[in-house]
Peer 1: 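First, the structure itself, so that you have it in front of you.
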Amino acid sequence: MVSGSYDGPIFVFRGDGKGGFLAPQKIAGKDGKDLVLDNAVSISLADWNKDGKPDIFAGTISGPVYYIENNGNMKVGEPVRLSCDGKELSALDGGPAAVDWDNDGTLDMFLGEDDGALRYMKGVPGAIPSFKDLHVVLNQLPQVTDQENMLAKVVKTRPTLRPKPFIGDWNGDGKPDLLVGDFCLLPGPPPQLTPAQAKERDDLAKQQASLNTELEKLTKQLERDAAKKMGYADAKSVPPGKQEAFQLELATLQGADANYNRLLESITEVFTKKLPFEPPVDYHGFVWLFLKK
Amino acid sequence: MLFAVAIAALTDGWLSLDLSDPVRLKASDQFIDVQHGHAHPFLADMDGDGKRDLIVGQFQDGKARVYKNYATDNTPVYKDFTWFKAGGVQATVPYG
């Protein structure tokens, strides 16, 4: 068995010949040092070059996905960055699973990503793996402020964040099934509050709403000011090609506005005071099964 | 209604790969749910009884759980789990 790790090294757990496993060994690069691609390395094993030795496909926290040829006896080749449709693959917190899904003799790949997306791509025959025809299996999840509450609803229907795929025949029907592990943030049980604490929480919630309204109003004013400085009537009139310059102008005005900064500080202060009265965020990791029909 | 539409938009893609709608796997009638998330599943016969067991890596302590398959390869049933061991001890990898 082979495992990635958060810190980066890749660990090989060799069988002891008696049904158990030996203490792990770290894979070394050609320089003899631990092979570390990045943090949060996620591994899939599959034999790309059909030499009878499982090669390594590795996702990383910062996005690049690598192929590492297995040369046997704990020796590996140089990591090669993988591409799809001619572009370098990038998946934050990537989780690859290499498998010949379409049974054409070439390994294909499933690739999970931080935002909940899971993609499938077909392998292109060659000495070095490459892929084509990116297909979305799971769409990315929306970015929302109440992420935990959103995930609490989504988790009833599909995997959530950082999907880690594995392909295997789960029900013994001879067809490859898709298993997916995830990272799911859900609201924990609400704290038991005294009546005084509940009142304090409600008062803070009102303050928070009022400050947010004030901030929204001021932001709209600063957007108008930034647009006018660039020669436009309002923010909506700024063309797409000038959006980057507009955002920079807006950030400059916000940074220089004492009232804006006071509001941000107050919002942070109220948020921090209210936090102990809110349900904590719990971390979960579920395992999902998609049976092949 | 708007949320229902949003959920529908999140749940398409797998159908064209001929995959059925997903279900969360259970052990002893509870959803398998690993500590601090980041579940990473794997199937292999870990105890040499000829049936595929379920191994699930987790973030907490860099450990992996082994869910023994108590039934058959056609209808796996999981109950409890043991921690994956190597070299006679609970195996861990650095987890940050």
Side-chain angles (χ1 to χ4, degrees), chain A residues 1 3-9 11 13 16 19-24 39-40 42 95 101 116 118-120 135-142 153-155 157-159 161-162 164 166 168-173 177-185 283-293, chain B residues 3 6-27 31-48 51-52 54-60 62 64 67 72-76 84-89 91-96:
Chain A
M1 192 149 85
S3 174
S5 65
Y6 183 81
D7 291 6
F11 293 82
F13 297 84
D16 62 6
F21 292 87
L22 300 169
N39 285 121
S42 176
W101 180 259
L118 179 67
R119 297 183 175 89
Y120 164 78
H135 173 85
V136 176
V137 182
L138 289 169
N139 284 307
Q140 69 184 70
L141 294 163
K153 291 173 184 165
V154 171
V155 76
T157 63
R158 53 157 282 178
L161 302 169
R162 299 179 190 173
K164 298 288 185 287
F166 172 79
D169 182 6
W170 187 78
N171 59 355
D173 64 356
D177 305 306
L178 168 65
L179 284 97
V180 177
D182 73 0
F183 174 51
C184 188
L185 311 172
Y283 302 111
H284 299 264
F286 301 108
V287 179
W288 293 80
L289 170 67
F290 298 71
L291 284 174
K292 182 86 187 275
K293 291 178 189 169
Chain B
F3 190 79
I7 293 292
L10 295 171
T11 56
D12 44 13
W14 59 78
L15 296 174
S16 54
L17 292 183
D18 224 11
L19 292 165
S20 58
D21 287 341
V23 293
R24 263 186 288 180
L25 291 182
K26 291 182 175 180
F31 290 125
I32 290 172
D33 182 7
V34 301
Q35 294 163 293
H36 214 95
H38 299 87
H40 197 158
F42 181 76
L43 296 173
D45 178 10
M46 296 295 280
D47 53 9
K51 293 178 290 187
R52 283 183 294 274
L54 173 69
I55 302 98
V56 189
Q58 66 171 39
F59 187 88
Q60 185 72 53
Y67 287 90
T72 66
D73 269 344
N74 298 107
T75 51
F84 172 62
K85 286 185 176 175
V89 297
T92 65
V93 295
Y95 62 100

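Note that the coordinates shown come from a computational prediction; the quantities given were computed from them, not determined experimentally. Quick note on labels: first sequence line is chain A, next is B, and so on, each numbered from 1.
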Peer 1: List the residues meeting side-chain contact (heavy atoms from CB on, under 4.5 Å) with B/D47, not counting sequence neighbours, and say none if there are none.
Peer 2: B/D45, B/D49, B/D53, B/K68
Peer 1: Return the CG to NZ distance between B/L19 and A/K293, rounded to the nearest 0.5 Å.
Peer 2: 8.0 Å
Peer 1: What is the distance from atom CG of B/D21 to atom CH2 of B/W14, rounded to the nearest 0.5 Å?
Peer 2: 5.5 Å
Peer 1: Measure A/W101 against the heavy atoms of chain B and call it side chain, backbone, both or neither at under 4.5 Å.
Peer 2: side chain
Peer 1: Among B/G62, B/G48, B/G96, B/P76, which residue forms the greatest number of heavy-atom pairs with chain A at distances under 4.5 Å?
Peer 2: B/P76
Peer 1: May I ask you to name which of A/V155, A/L118, A/L178 has the most heavy-atom pairs under 4.5 Å with chain B?
Peer 2: A/V155
Peer 1: Would you mind reporting whether A/L291 and A/W170 have side-chain heavy atoms less than 4.5 Å apart?
Peer 2: yes
Peer 1: Do you know which of B/P22, B/A64, B/G37, B/G88 has the most heavy-atom pairs under 4.5 Å to chain A?
Peer 2: B/P22
Peer 1: Assert yes or no for the condition that the ring centre distance of A/F13 to B/F84 is strictly below 6.0 Å.
Peer 2: yes
Peer 1: Taking only residues two or more places apart in sequence, or in another chain, which ones meet A/D169 in a side-chain contact (heavy atoms from CB on, under 4.5 Å)?
Peer 2: A/N171, A/D173, A/D177, B/R52
Peer 1: Sort out for me which of B/I32, B/D33, B/D73, B/I55 touches chain A most, counting heavy-atom pairs under 4.5 Å.
Peer 2: B/D33
Peer 1: Answer with side chain, backbone, both or neither: which region of B/V23 has an atom nearer than 4.5 Å to a non-hydrogen atom of chain A?
Peer 2: both
Peer 1: Name the region of A/H135, side chain, backbone, both or neither, that has any atom closer than 4.5 Å to a heavy atom of chain B.
Peer 2: side chain
Peer 1: Does any backbone or side-chain atom of A/V180 lie under 4.5 Å from a heavy atom of chain B? Answer side chain, backbone, both or neither.
Peer 2: backbone
Peer 1: Let me know if B/F42 has heavy atoms under 4.5 Å from chain A in its side chain, its backbone, both or neither.
Peer 2: both
Peer 1: Between B/Q58, B/K26, B/H36, which has the largest tally of heavy atom pairs under 4.5 Å with chain A?
Peer 2: B/H36
Peer 1: Side chain, backbone, both or neither: which part of A/D16 has an atom under 4.5 Å from a heavy atom of chain B?
Peer 2: neither
Peer 1: Can you give me the closest heavy-atom contact between A/G181 and B/P41, atom names plus distance?
Peer 2: N-CD, 3.5 Å
Peer 1: Which heavy atom of A/W288 sits nearest to which heavy atom of A/R158, and what is that distance?
Peer 2: CZ2-O, 3.1 Å
Peer 1: Between A/L22 and chain B, which part of the residue has a heavy atom less than 4.5 Å away: side chain, backbone, both or neither?
Peer 2: backbone
